[in-house]
Asker: 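Let me begin by handing over the structure; questions about it come next.
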Amino acid sequence: MNVLPSTSTSTSPSYKKDNDTDKRQKELIEKMRATKEKWDAEALESEDGPDETDALLSKAIEAALEQGKGWKEGEREAYLNAMMDDDYIHPLFATDNEELEKSGLVEAFSSLAYDKPPAIAMNESKKKGNDAFANGKQNVAKNVQYYRDAINHYYEAFFWAEKVQPMTEEEIRNAPDDDIPSYTEKQLDDFKSTVCANAAMSHMQLKNWGYVRDDSKKALTFNDQSIKAWYRLAKAHQMLQHWEDAGDAIESGLKCDMTNKELIKLQKLLEKKVQRARLERQKRERAKAERVHAVKQVWKHCKNNHISLGRVPLVTSVTDDEEIDDDKDESRWHHHHPHTGKLPKPISNHEWAWPCMFLYPSHHQSDFITTFSESDMLAIRMAEIFPEIEEHGSSSLDNTTNIPWDYNNEFQCSKLAIYFEVHCSNASSQENIIHPEFVERLSSQGDAMKFYESARALKGDDGPDMQHLATCIEKKHLHKQRKLWISKHGSLWAKPDKCPVVRVHPACTLKQVLTDTRMVVPNFLVTFILIPEHHPVHEQFLKEQ
């Protein structure tokens, strides 16, 4: 036999309390209604009729009855449900219009938004700002608080001006005659431009030149004919030592008023500095155009000759919180220097030369060759740097190399083994997922251009602003690489094996090495590893590969 679960009919204390409250409220409303009906009847039966006080009292009771009817059917439950909703935000804590609309009290709160119409408030705020500025000028003690107050009032005036709805000329003519002024869109723009220019003027008294620049620019967005805003913008750029921007502001201002004495005086004062800044900018632009042309030539040459280029990340961290250590950078990037400033270049119609690095891990030394012709054999360059020792020298000095750190006379051309590393061997041709500490292949001319310019900027060649921008771009690139690697392998600690190496015959030319399908040139710098044949490091080096 199935037994149904018993259903409790007990009522919770909170539910009883709510019912008692509703009952008392209904009784109170009924009592008020009965009292009102009794007073109305007595007033009608009276010979004098209802007096004015009784009539007002009756209306007040009637209004109270309408307001005191309590919750309509279902209102109370809906309100409680809304309060319990996780997405509900009380209107007092709403941060935008969308949250306020969800509360259902938009109209109620909008009615409380302004004590005065915005058109009146903006004029009053502007007047307060003018008065505060005038007090600051007259103040003998030079109290800067007057100017701060003026700035706040001007900002407040701009805020109220944003709330004013512009009207057409016809709408203004047909508007009712009241104390609230009406404005066209142009009049409002002029007003906004004026208060922004006044705020810039107040900032000038405080020597807040960055704010002077920003407020002057804002003023000019509403009225580009404001001669005062142009002068204050030029003055701000002068104090910030932005000479070219100062010159542009002066010239724009003089287009509005060619007789303005302040701008003419400032133009004469800054003429040489502005001219020098413009010449320097033109010089930078020419240099950049030459670099762009050079990188394009390199890419075209590599593409035509099937030479692969690569890059390494130029930063080691993706956030400012990560510790930055120069030694860590050096070990992380192995021997691939991110920026040498050198690019491969043509030395004749059909001949190219590359910057080249010879590394000697057995002695922790290196040599940098600025121009290594593609047609040169490796043996020729090796013989120039490490000549053979004459077997029958006249003295003991003739039986030693001229390299100070080669104590055992091992660095002779015939005794050296030469290798290059094989990069991007662990990358999928489709996914192209590379561990952040390994060499990434450059796939397009645009990538090569961005990498070279970022490398220059990070070294500070283009100033601190470009250096910061390049740092942000490279951090984003490194973050993307890390994310892709972690999504596939689970951790950055899951590193691939060390790069394999290829031994090169000294009789090979540089071009034969570059066109080898296993060769990828990182950072436009060809790198070779040279180790004495019988040195203990050579054996260890081969075991690690």
Side-chain angles (χ1 to χ4, degrees), residues 200 203-204 206-218 220 232-252 266 269-295 311-330 332-333 336-343 436 440 442 446-482 522-525:
H203 279 299
M204 286 178 69
L206 301 175
K207 300 186 181 344
N208 296 333
W209 300 111
Y211 287 107
V212 176
R213 175 197 58 199
D214 295 342
D215 285 340
S216 298
K217 285 183 177 180
K218 186 184 287 188
L220 292 167
R232 290 160 193 166
L233 178 60
K235 192 67 179 177
H237 283 308
Q238 176 199 6
M239 302 308 295
L240 295 170
Q241 298 187 1
H242 299 164
W243 311 118
E244 193 171 2
D245 293 331
D248 293 341
I250 291 170
E251 291 174 359
S252 299
L266 191 60
L269 178 65
L270 303 180
E271 184 176 5
K272 291 183 178 180
K273 292 181 178 179
V274 171
Q275 186 177 5
R276 191 182 304 117
R278 287 174 175 171
L279 289 174
E280 290 176 355
R281 175 182 55 80
Q282 292 171 2
K283 184 178 178 181
R284 290 194 302 270
E285 289 177 352
R286 282 196 300 269
K288 184 175 181 179
E290 291 173 359
R291 293 196 305 271
V292 169
H293 177 69
V295 174
R311 59 157 292 172
V312 296
L314 300 176
V315 293
T316 58
S317 63
V318 296
T319 63
D320 295 334
D321 298 332
E322 294 186 49
E323 184 178 355
I324 298 176
D325 187 354
D326 293 337
D327 295 334
K328 181 181 177 182
D329 289 359
E330 186 177 352
R332 177 175 296 228
W333 303 145
H336 304 300
H337 300 272
H339 178 58
T340 62
K342 301 292 183 181
L343 282 173
E440 175 187 4
L442 292 172
D447 291 340
M449 191 80 66
K450 290 177 184 177
F451 169 71
Y452 185 72
E453 287 298 316
S454 294
R456 290 187 71 262
L458 277 169
K459 289 294 184 182
D461 293 354
D462 295 328
D465 292 338
M466 290 301 297
Q467 185 178 31
H468 177 70
L469 177 62
T471 302
C472 294
I473 292 173
E474 282 301 310
K475 284 184 177 182
K476 184 177 180 181
H477 179 81
L478 179 60
H479 176 70
K480 182 180 178 181
Q481 270 192 305
R482 287 183 177 182
N523 311 328
F524 306 102
L525 179 66

Asker: Looking only at non-hydrogen atoms, find the nearest pair between R232 and V212 and report the distance.
Answerer: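 Heavy atoms only, the tightest pair is O-CG1, 3.5 Å.
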
Asker: Return the set of residues passing salt bridge (Lys or Arg N to Asp or Glu O under 4.0 Å) with D214 (not counting sequence neighbours), or none when no residue passes.
Answerer: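 By the salt bridge (Lys or Arg N to Asp or Glu O under 4.0 Å) rule, D214 matches no residue at all.
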
Asker: Within the structure provided, determine whether R311 and N523 are in side-chain contact (heavy-atom separation under 4.5 Å).
Answerer: yes

Asker: Is there side-chain contact between K283 and L279, with at least one heavy-atom pair below 4.5 Å?
Answerer: no

Asker: Would you compute the distance between atom NE2 of H203 and atom OG of S216 and round it to the nearest 0.5 angstrom?
Answerer: 9.5 Å

Asker: Taking all heavy atoms of I250 and all of A234, pick out the closest pair and write down the distance.
Answerer: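 Heavy-atom minimum between the residues: CG1-CB, 3.7 Å.
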
Asker: Show the nearest heavy-atom pair for residues L266 and K235, with the distance to one decimal.
Answerer: CD2-N, 4.1 Å

Asker: Find the distance between CD (Q238) and CG (D245) and round it off to the nearest 0.5 Å.
Answerer: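 Between atom CD of Q238 and atom CG of D245 there are 13.0 Å.
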
Asker: Mind listing the closest non-hydrogen atom pair of K475 and V315 along with its distance?
Answerer: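 What the structure gives for the nearest pair is N-CG2, 3.9 Å.
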
Asker: When rounded to the nearest 0.5 angstrom, what distance separates NZ in K342 from CG in L525?
Answerer: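 K342 atom NZ to L525 atom CG measures 11.5 Å (nearest 0.5 Å).
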
Asker: Between Y452 and F524, what is the ring plane arrangement, given parallel below 30°, perpendicular above 60°, and tilted in between?
Answerer: perpendicular

Asker: CD1 of I473 to CG of L478: how many Å apart, nearest 0.5 Å?
Answerer: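 Interatomic distance, I473 CD1 to L478 CG, rounded to 0.5 Å: 14.0 Å.
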
Asker: What do the steps show when you test R281 against E285 for salt bridge (charged side-chain N to carboxylate O under 4.0 Å, His left out), and what is the final call?
Answerer: CA-CA 6 Å; R281 175 182 55 80; E285 289 177 352; 3.0 Å; yes

Asker: D248: which residues meet the side chain to side chain donor-acceptor pair (under 3.5 Å) condition with it, sequence neighbours left out?
Answerer: R278

Asker: Keeping the roles fixed (side chain from E440, backbone from V312), state whether a donor-acceptor pair exists under 3.5 Å.
Answerer: no

Asker: Are side-chain heavy atoms of H477 and K450 found at a separation under 4.5 Å?
Answerer: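 No, their side chains stay 4.5 Å or more apart.
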
Asker: Nearest 0.5 Å, please: how far is NZ in K273 from CD in Q241?
Answerer: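 These two atoms lie 7.0 Å from each other.
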
Asker: Identify the two heavy atoms, one from R482 and one from T316, that lie closest to each other, and give their separation to 0.1 Å.
Answerer: NH2-O, 3.0 Å

Asker: Looking only at non-hydrogen atoms, find the nearest pair between R213 and A236 and report the distance.
Answerer: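 Nearest heavy atoms, R213 then A236: N-CB, 3.7 Å.
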
Asker: So, taking the atom named CG in D462 and the one named CD in E453, what distance separates them when rounded to the nearest 0.5 Å?
Answerer: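 Interatomic distance, D462 CG to E453 CD, rounded to 0.5 Å: 6.5 Å.
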
